[in-house]
A.B. asks: 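Below are the structure tokens for one structure; questions will follow.
These figures come from a predicted structure and were not determined experimentally.
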Amino acid sequence: MSSDDSKLVERSINTIRFLAVDAIQKADSGHPGLPMGGAAMAYVLWMRYLRHNPVNPGWFDRDRFVLSAGHGSMLLYALLHLTGYDLSLADIRNFRQWESRTPGHPEYGLTPGVEVTTGPLGQGISNAVGMAIAEAYLGARYNEAGYPLVDHRTYVIAGDGDLMEGVAAEACSLAGHLRLGKLIVLYDDNRISLAGSTSLAFTEDVEKRFAAYGWQVIAVEDGNDTEAIDAALGEAGREREKPSLIRIRTVIGYGSPRKQGSYTCHGSPLGPEEVAEAKRNLKWPADKEFFIPDDVAEHMRSSVEKGIEDEAAWERLHAEYGAKFPDAADEFDRIITGKLPPGWDANLPRFDGDKSISTRKASESVLQALAPHMPELIGGTADLNPSTLAWVKGWGDFQPPECIDLDCQGTTGGGWDYRGRNIHFGVREHAMGAAAAGLALHGGILPFTGTFFTFSDYMRAAMRLAALMALRVIYVFSHDSIGVGEDGPTHQPVEHLMSLRVIPGMTVIRPADGAETVEAWRYAVEKSTGPVALVLTRQNVPVFDRGVFAPAEGLQRGGYILWESSQGMPEVILIGTGSELAIAVEAGKEIAAGGTAVRVVSLPSWELFDRQTPDYREHVLPPAVKRRVAVEAGIVLGWEHYVGLDGAVVGMKDFGASAPGGILFKKFGITTEGVVETVRDLLKR
């Protein structure tokens with residue numbers, strides 16, 4: 001590199017640093033340490049390796065970049081602005097303000113070029129594992145010799161905090177097993193956390209840990225040595241059998257005379273005097289804010305021309321691929337746009353007056369019917385596919401082709417390679433939730449996960465972020481209540497339904513029988529944005545005869561009148577979900593036999609019901625009818641939303657116990673008799 005080139009690189013890096021510093025100082029809020037210390041590694045990655053098109057951030061075969069250390073968001077915003085994304089200097093100046101396009105942590109869907117909402121540490125790097133899985137699957141399915149239609153990398157900048165979080169350990173262990181060679185993590189090893197030195201709590205040998213996971217590990221001892229970083233990225237790019245961790249020793253807050261290397265610059269602005277001192281220290285105009293030298297602007301905006309050329313080359317490849325492999329190309333084009341294939345629901349099972357069946361078993365039947373039509377439907381469980389039945393049997397296990405040498409023994413059938421559609425996450429719910437979000441973020445995938453409902457707690461952070469990003473993810477939860485039985489209270493979800501219902505943007509559906517389960521899946525597949533949680537029984541439940549009861553299509557509206565004893569206004573309304581709807585029906589019939597007008601309402605999804613028009617909701621639950629009883633084997637708190645202060649709830653007020661499920665329902669009073677008694681008490685008022 002010539003002297004002039006070297007100086008241009010240095011000016012470019014300092015431009016990144018001080019755009020971040022000035023924005024943080026103007027906002028009087030933010031994290032300057034990472035942008036200052038990590039600017040050099042970010043520059044090398046973005047200007048020499050990252051394949052992206054600033055004028056079309058959604059180009060499908062772009063490399064994905066994840067700033068897992070999301071608190072350093074101004075590093076990303078500076079890069080986006082300088083390389084030509086639709087992010088203005090005015091946006092940079094408006095950092096962390098109301099309705100800003102540059103919020104405190106990166107938000108997917110808000111800022112052009114932001115691939116993932118990050119901030120909760122460990123989630124971003126774990127999302128990236130899902131992105132790398134998606135790339136490997138789609139490449140294995142669609143690439144042909146000479147036509148690498150899907151061929152890109154996933155890059156991450158992660159910090160010490162990311163690697164301390166347990167979710168990252170789970171996800172990175174899985175990535176090593178799966179040999180995701182196109183996943184490359186730049187580890188910002190500055191040895192400082194918010195509360196002080198990492199030596200307070202984090203003294204493990206990270207390099208040995210990742211080597212044990214099966215990663216390639218590369219060390220760069222000077223975070224400002226751009227040529228060493230360049231060489232490390234080149235080495236990582238040549239490794240196709242292992243993901244790569246590049247440990248880069250940086251200095252947090254680099255350039256700040258009094259604060260660099262200290263936790264004091266992790267999460268607080270430098271202050272006006274220290275900003276000026278840092279600029280003078282790095283030979284930057286101390287009297288200028290948001291300064292971008294002309295040659296730096298021209299140099300970094302060259303990313304636009306390069307990105308346009310890269311995308312155009314891919315489009316030519318795409319066109320040639322389409323001419324030679326038209327059927328595969330049509331399928332590929334469909335899935336990357338998120339469209340459903342014609343006839344996708346033609347073979348869905350029907351349940352109408354059948355013998356009893358668990359809703360997890362009904363769900364399994366739906367998945368098998370969908371799988372042949374929807375190659376984008378891939379996912380897996382936390383070592384629980386024989387229990388949750390969340391699998392696509394016969395479609396193979398997602399494994400590196402070499403897995404057969406490890407004596408892999410799967411239960412789904414269909415062989416082992418990256419074309420397999422069943423992902424074995426192992427006992428790693430944290431990683432599964434985060435990776436599922438990454439699969440959805442990547443595009444071309446409709447991911448599903450499966451575990452026992454009580455273990456949704458492990459996935460909560462990832463599910464919350466999926467809802468925040470409005471991602472299309474289907475969470476399959478079985479073993480949904482005290483009906484689990486003998487496994488006891490550790491495995492019996494009680495508070496979990498309410499816990500998920502309070503997440504904005506999450507649609508929770510608890511179907512009551514096989515027919516409602518089909519409709520729940522129909523809704524989940526057709527929903528274009530936002531996650532859906534399907535909450536299913538372990539135990540068999542009756543299948544309603546839809547000649548007697550209302551059609552299960554009513555589930556699409558969240559709640560519907562299932563049955564009523566007579567026309568006109570009811571005196572009592574019973575509301576049930578899941579396995580308890582049958583209890584409500586039996587109680588309703590008994591009460592009606594005594595001359596009381598009864599309506600039974602199936603309410604499998606609060607979110608869907610609350611989105612209906614007021615007229616429809618009042619038709620189902622007339623405000624004049626105050627005597628309402630809800631029946632659900634979950635915590636009763638929250639049902640006031642529907643039963644009001646004059647109603648009652650038959651449900652759980654404490655944890656469950658270990659005994660056969662039928663015994664538990666009796667002991668906790670969630671029975672026909674318990675509901676009838678509750679209604680009679682209301683009628684006396």
Side-chain angles (χ1 to χ4, degrees), residues 340-377 379 385-395 412-413 421 446 448 450 474-480 483 507-527 532-564 576-586 588-589 600-605 608-609 620:
L340 294 173
W344 68 272
D345 58 349
N347 298 321
L348 291 180
R350 295 183 60 85
F351 301 94
D352 190 353
D354 298 31
K355 64 180 182 180
S356 296
I357 185 175
S358 68
T359 53
R360 65 168 174 162
K361 186 67 177 175
S363 170
E364 179 192 36
S365 297
V366 176
L367 267 169
Q368 309 323 305
L370 292 172
H373 303 283
M374 298 181 64
E376 65 269 38
L377 185 66
N385 49 24
S387 295
T388 63
L389 307 181
W391 51 9
V392 283
K393 298 181 76 171
W395 292 95
T412 57
R421 292 167 59 184
L446 175 56
F448 66 88
I474 301 173
Y475 305 105
V476 179
F477 295 115
S478 69
H479 297 57
D480 70 342
T507 300
V508 183
I509 307 178
R510 188 172 183 241
D513 71 349
E516 281 197 356
T517 303
V518 173
E519 291 303 315
W521 265 105
R522 186 189 303 277
Y523 175 82
V525 169
E526 290 182 328
K527 193 174 192 299
V532 177
L534 304 180
V535 183
L536 310 172
T537 67
R538 173 182 181 270
Q539 74 275 23
N540 289 345
V541 292
V543 175
F544 295 106
D545 180 349
R546 297 295 168 166
V548 176
F549 298 92
E553 288 83 355
L555 176 139
Q556 300 290 329
R557 306 186 78 169
Y560 63 102
I561 300 169
L562 178 74
W563 175 86
E564 49 192 344
T577 78
S579 54
E580 293 75 69
L581 184 60
I583 294 173
V585 167
E586 291 305 311
K589 290 179 177 179
V600 177
V601 170
S602 176
L603 197 67
S605 177
L608 291 182
F609 187 70
V620 175

A.B. asks: Test your reading of the model: is there a side-chain donor-acceptor pair from Asn385 to the backbone of Ala390, 3.5 Å cut-off?
C.D. replies: no
A.B. asks: Report yes if some heavy atom in the side chain of Val535 is under 4.5 Å from a heavy atom in the side chain of Ile509; otherwise report no.
C.D. replies: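 Not touching, per the 4.5 Å side-chain cut-off.
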A.B. asks: Return the CG to CG distance between Leu581 and Asp513, rounded to the nearest 0.5 Å.
C.D. replies: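 It comes to 7.5 Å.
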A.B. asks: I'd like to know if Arg546 and Glu553 make a salt bridge, using a cut-off of under 4.0 Å between side-chain N and carboxylate O.
C.D. replies: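 Salt bridge absent between Arg546 and Glu553.
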A.B. asks: Check the pair Val532 / Lys527 against side chain to side chain contact (heavy atoms under 4.5 Å, CB included), numbers first and verdict last.
C.D. replies: CA-CA 9 Å; Val532 177; Lys527 193 174 192 299; 3.6 Å; yes
A.B. asks: Minimum heavy-atom separation for Glu516 and Ser602, please, with both atom names.
C.D. replies: OE2-OG, 2.7 Å
A.B. asks: If you round to the nearest 0.5 Å, how far is CH2 of Trp344 from CZ of Arg522?
C.D. replies: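 Reported value, rounded in 0.5 Å steps: 5.5 Å.
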A.B. asks: Only one of Thr537, Thr388, Val518, Leu536 forms a side chain to side chain contact (heavy atoms under 4.5 Å, CB included) with Ser363, so which one is it?
C.D. replies: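 Considering Thr537, Thr388, Val518, Leu536, a side chain to side chain contact (heavy atoms under 4.5 Å, CB included) with Ser363 is found only for Leu536.
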A.B. asks: Would you say the side-chain atoms of Arg510 pair up with the backbone N or O of Pro604, donor to acceptor, closer than 3.5 Å?
C.D. replies: no
A.B. asks: Could you list the residues that satisfy side-chain contact (heavy atoms from CB on, under 4.5 Å) with Arg421, not counting sequence neighbours?
C.D. replies: Tyr137, Ala371, Leu377, Ile378, Val392, Trp395
A.B. asks: Supply the atom-to-atom distance Lys393 NZ to Gln368 CD, rounded to the nearest 0.5 angstrom.
C.D. replies: 7.0 Å
A.B. asks: For residues Gly353 and Val543, report the shortest heavy-atom separation together with the two atoms involved.
C.D. replies: N-CG1, 3.5 Å
A.B. asks: Is Asp480 paired with Arg538 through a side-chain N to carboxylate O contact shorter than 4.0 Å?
C.D. replies: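 Looking at Arg538 and Asp480, the cut-off is not met.
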A.B. asks: What verdict does the side chain to side chain contact (heavy atoms under 4.5 Å, CB included) test give for Phe609 and Arg557, after you've listed the backbone C-alpha separation in whole Å, the side-chain angles of each residue and the deciding distance to 0.1 Å?
C.D. replies: CA-CA 5 Å; Phe609 187 70; Arg557 306 186 78 169; 5.9 Å; no
A.B. asks: Does the side chain of Asp345 come under 3.5 Å of the side chain of His373 through a donor N or O and an acceptor N or O?
C.D. replies: no
A.B. asks: Check step by step if side chain to side chain contact (heavy atoms under 4.5 Å, CB included) holds for Tyr560 and Val601.
C.D. replies: CA-CA 6 Å; Tyr560 63 102; Val601 170; over 6 Å; no
A.B. asks: Can any side-chain N or O of Glu586 pair as donor or acceptor with the backbone N or O of Ala582 at less than 3.5 Å?
C.D. replies: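 It does not hold such a pair.
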A.B. asks: State, to 0.1 Å, how close Leu555 and Leu608 come at their nearest heavy-atom pair, and which atoms those are.
C.D. replies: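 It is O-CD1, 3.7 Å.
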A.B. asks: Step by step, work out the side chain to side chain contact (heavy atoms under 4.5 Å, CB included) result for Phe549 and Val585.
C.D. replies: CA-CA 10 Å; Phe549 298 92; Val585 167; 3.8 Å; yes
A.B. asks: Taking the side chain as every heavy atom from C-beta outward, state whether Trp521 and Val476 have any atom pair closer than 4.5 Å.
C.D. replies: yes
A.B. asks: Of all the heavy-atom pairs spanning Phe544 and Ala512, show the shortest one and how long it is.
C.D. replies: CE1-CB, 4.3 Å
A.B. asks: Which heavy atom in Leu534 sits nearest to a heavy atom in Ala520, and how many Å separate them?
C.D. replies: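 Nearest heavy atoms, Leu534 then Ala520: CD2-CB, 3.9 Å.
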A.B. asks: Taking atom CD1 of Ile357 and atom OG1 of Thr517, what is their separation to the nearest 0.5 Å?
C.D. replies: 8.5 Å
A.B. asks: Closest heavy-atom contact between Ser605 and Thr507?
C.D. replies: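 Reported closest heavy-atom pair: OG-CG2, 3.8 Å.
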A.B. asks: Rounded at 0.5 Å granularity, tell me how far NZ in Lys361 sits from OG1 in Thr359.
C.D. replies: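 Result: 12.5 Å between the selected atoms.
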A.B. asks: CG of Leu367 to CE of Met374: how many Å apart, nearest 0.5 Å?
C.D. replies: 10.0 Å
A.B. asks: Donor-acceptor pair, Glu580 side chain versus Gly576 backbone, under 3.5 Å?
C.D. replies: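 No, because the side chain of Glu580 does not come within donor-acceptor range (under 3.5 Å) of the backbone of Gly576.
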A.B. asks: Would you say Gln539's side chain and Ser358's backbone share a donor-acceptor pair under 3.5 angstrom?
C.D. replies: no
